[in-house]
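Report on the structure given below.
Throughout, a chain's letter reflects where its sequence line sits, starting with A, and its residues are numbered from 1.
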Amino acid sequence: MSADATDPYTLHEDPEDGDEDHHVFWADEVADQIEARNPDEPVVIKGGISPSGVPHLGNMNEIMRGYFVAEALRDRGYEVRQVFTTDDRDPLRKLPRKLADLDGNIVDLGDVDAGALGRNLGKPYTDVPDPFGCCDSYGEHFSNFVRRAADQLGVPIDVVSNTELYEDGEFEDVTRRLLSDVEHAREVLAPYQDKVDEEYVPFNPICEDCGKITETVLSVDPEAGTVEYACTDIEAGDRTIEGCGHQGTATFREGKLPWRFEWPAQWEILGVDHEPFGKDHAEGSWPSGEDVAWNVLGIEPPVPMVYEWFTLNGDPFSSSAGNVILVGEVLELIEPEVLRYFFAKDPSRARDFDVAELDHLTGAFDRFERAYYGEPDADDQDPEFAERAYPDVIRPTVAALVDEEGVFHVEGDGPWSRAVVGTEERERLDGVVEAGFDRRERLPYTFAAVLGMADDPAIREQVARDEGHVAEDAPDWAVDYALARVGLAEHWADRVDNEFNYELKRAEMPDVAFDPRVETALDDLADFVAEGHDGEAIQGEIYQTARRHDLDVGDFFAAGYRLFFDQEQGPKLGPFLGKLDREFVVRRLRREE
RNA sequence: GGGCCGGUAGCUCAGUCAGGGAGAGCGACGGACUCUUAAUCCGUCGGUCGGGGGUUCAAAUCCCUCCCGGCCCGCCA
């Protein structure tokens, strides 16, 4: 067994190892290393976070990075189990400023029962009441949230509560070994943590009186599986959580290991073969965890992979600063496959999730998809990468849309994703991806945003067809699925309030003041519209009218946009007015309402 | 101080691991569609590949060095 430190930057090239098998998809590089260990099946891929704050999009790295590695291994015929541990025996150390309800709404601490949280500082998350009252505990609320997010993205994952592992005795054996030779445990960890001294015992009991996690262990009885403790104060950042002073006895099920031991212990208990983690762990917990795994627990640590953190709209994710976005929110803006595509990109590269530029991300996905199908206009997208990664990106979508007979259904509101389990289903769906889903249609995202101003689905479809974005012989499901993007892009335009956020000012006329010549021209145009003409004719007449009155065409259009949208620009005006009810258009052009 | 990521067209980025033609999208600009205003189509402009040095017949790519930006590195997790 080697105790040499492993560079967790797994995706970085090591010129020494002469890596002949360079892959276009990073997940295959990781899979190579897992395969090289001859893992037992199922291969276990883990992720996990502590339930503090809001489980935002950045935290989804813990699930999505593992997903692609899991799929790579399934492609190679391995059975894979992906688990996510909610580290919910951790104590609540401070009050989160923001929380998220199960529907994905972010709320301020003040909007929930903050007092109930405050009274429970120091207790395990699973012993803290759910501030929303919807789940058994704060910890379970969090677990449910993560489970829902994984479902929405179609990732099959076992959400495992750390508390349950303790309560079920899963940690007992490893805890006993640790506490049987406390000195050895101290020796290994000491170089990594200054606080490790002769008093240090790697176990934190839960006080039977006050329910808080304590740090002062007075004695250990490995045979009996108990510790004696005193409930003393614990430091949590810049504040102190007071202990109650109680002295008592706790079993190994009634407490927790400190993180530096708990993480490797999870590897042992769950048989973890691979775990991705953020770079904060790369230089802290990983080196010590690896050392503990080899030299204290005597197990092989998992294949690591550091992922870069990404930013949101240019700034770090921060729930306290309000710079967060949840999976549910994202899926109101883009399809799940587009989000999965985002996570399929190189994890070793820091990138920004820019909501204002989701049209770019979506456009890149569309080209990626076209590259897979060998269609034109794939441009910058690497066909080899698309060939390899697209099935993993799209499979959960196809799973949600197609039934066992291969018939597509687009029903409900989306997002459409379903976790795929089992080799047979995988193969069946890959067949559908190859032949079937290739009939899908995609509206350019900004075009979809423009269509958002027409409420009538029939109009949306007609315009999309007129503009050539939907093939004449497109199957119904493909049309429905393509048009579903309109709702997403509409949300987007509304959320970022950009130039696509057209809103017909129907109820009330915008505050307008026009030059008399413009007013005369508008009256003329109103007369023309009143005669009853189609959109194209109206469009032409706008030009004619402007010229007839010696007006700058651009200014005249601007007047129209001002009148209907209270903006300087908008959709192609003639066809749009042609779709509205004539009486309204005429009255508005005459500035009568 | 140490580590990692990034610095390629106005913007967002691919290309860097296997050195050889500097690319895409968006934007801008021009044109087509009886009609400058979403869309579509055609075209054009646009880059000292952060700076410097080195290796090489050849460097965005390999090596060294420096600069700029971002993040991480007590405890906790």
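For S50(A), taking side-chain heavy atoms from C-beta onward, the closest of the listed nucleotides rA77(B), rC13(B), rC76(B) is rA77(B). When distances are taken from the side chain of R351(A) to each of rC13(B), rC71(B), rA77(B), the shortest belongs to rC13(B). Comparing atom distances between the Q193(A) side chain and each of rA77(B), rC75(B), rC4(B) picks out rC75(B) as nearest. Nearest to the side chain of F447(A), among rU36(B), rC71(B), rA38(B), sits rA38(B). Considering only side-chain atoms of R349(A), the nucleotide from rG70(B), rA77(B), rA14(B) that sits closest is rA14(B). Side-chain proximity of K279(A) to the nucleotides rA24(B), rC4(B), rC76(B) is greatest for rC4(B). The side chain of E308(A) approaches rC5(B) more closely than any other nucleotide in the set rC76(B), rA77(B), rC5(B). Distances from the side chain of P316(A) to the nucleotides rU36(B), rC11(B), rC71(B) place rC71(B) closest. The side chain of H469(A) lies closest to rA39(B), out of rA14(B), rA77(B), rA39(B).
When both pairing distances are held under 3.5 Å, rG1(B) makes a Watson-Crick or G-U pair with rC73(B). Checking rG6(B) for Watson-Crick or G-U wobble geometry (two distances, each under 3.5 Å) identifies rC68(B) as its partner.
Counting to the nearest Å, the P atom of rA77(B) and the CG atom of L92(A) are 13 Å from each other. With rounding to whole Å, E215(A) atom CD is found 13 Å from rA77(B) atom C1'. For the pair D359(A) CG and rC13(B) P, the computed distance is 13 Å after rounding to whole Å. The distance from atom CD of E384(A) to atom P of rA18(B) is 15 Å, rounded to the nearest whole Å.
Comparing the same atom, P, in rG20(B) and in rC41(B) gives a spacing of 32 Å after rounding to whole Å. Rounded to the nearest Å, the gap between the P atom of rA24(B) and that of rG1(B) is 41 Å. Atom name C1', nucleotides rC13(B) and rC5(B): the rounded distance is 15 Å, in whole Å. Going from the C1' atom of rU56(B) to that of rU40(B) covers 49 Å, rounded to whole Å. Rounded to a whole angstrom, the distance from the C1' atom of rG54(B) to that of rA59(B) is 11 Å. Across rC63(B) and rG21(B), the matching C1' atoms stand 25 Å from one another, rounded to whole Å. Between the C1' atoms of rG23(B) and rG47(B), the separation comes to 11 Å (whole Å). One C1' atom belongs to rA9(B), the other to rG25(B), and the distance between them is 12 Å to the nearest Å.
Contact annotation: R367(A) side-chain N/O to rC13(B) OP1/OP2 distance is not under 4.0 Å. For rC76(B), one of the phosphate oxygens OP1 or OP2 lies less than 4.0 angstrom from a side-chain nitrogen or oxygen of K195(A). Contact between the side-chain N/O atoms of K345(A) and the OP1/OP2 oxygens of rA14(B) is not found at any separation under 4.0 Å.
Comparing G363(A) and F557(A) by the nucleotide of RNA chain B whose heavy atom lies nearest to each, the residue mapping closer to the 5' end is G363(A). Looking at which nucleotide of RNA chain B each of D354(A) and W259(A) is closest to, the 5′-most match is held by D354(A).
You'll find the side chain of I325(A) reaches within 4.5 Å of the side chain of F317(A), heavy atoms only. Residues F84(A) and T86(A) are in side-chain contact: their nearest non-hydrogen atoms beyond the backbone lie under 4.5 Å apart.
Using a 4.0 Å heavy-atom distance criterion, R89(A) is classed as making no nucleic acid contact. Backbone-only contact: Y192(A) has heavy atoms under 4.0 Å from sugar-phosphate atoms and none from a base. Using a 4.0 Å heavy-atom cutoff across all strands shown, K94(A) reaches no nucleic acid atom at all.
Within 3.5 Å, a donor on the side chain of S285(A) pairs with an acceptor on the base of rA77(B), or the reverse.
For the pair R186(A) (side chain) and Y200(A) (backbone), a donor-acceptor distance under 3.5 Å is present. Looking only at distances, no side-chain donor or acceptor of T362(A) sits under 3.5 Å from a matching main-chain atom of D359(A). The backbone N or O of P124(A) sits nowhere less than 3.5 Å from a side-chain atom of D127(A) that would complete a donor-acceptor pair.
Taking the ring centre of W26(A) as origin, the terminal cationic atom of R65(A) falls inside the region bounded by 6.0 Å and 45° from the ring axis.
The line from CG of L57(A) to CZ of F310(A) is 4.5 Å long, rounded to the nearest 0.5 Å.
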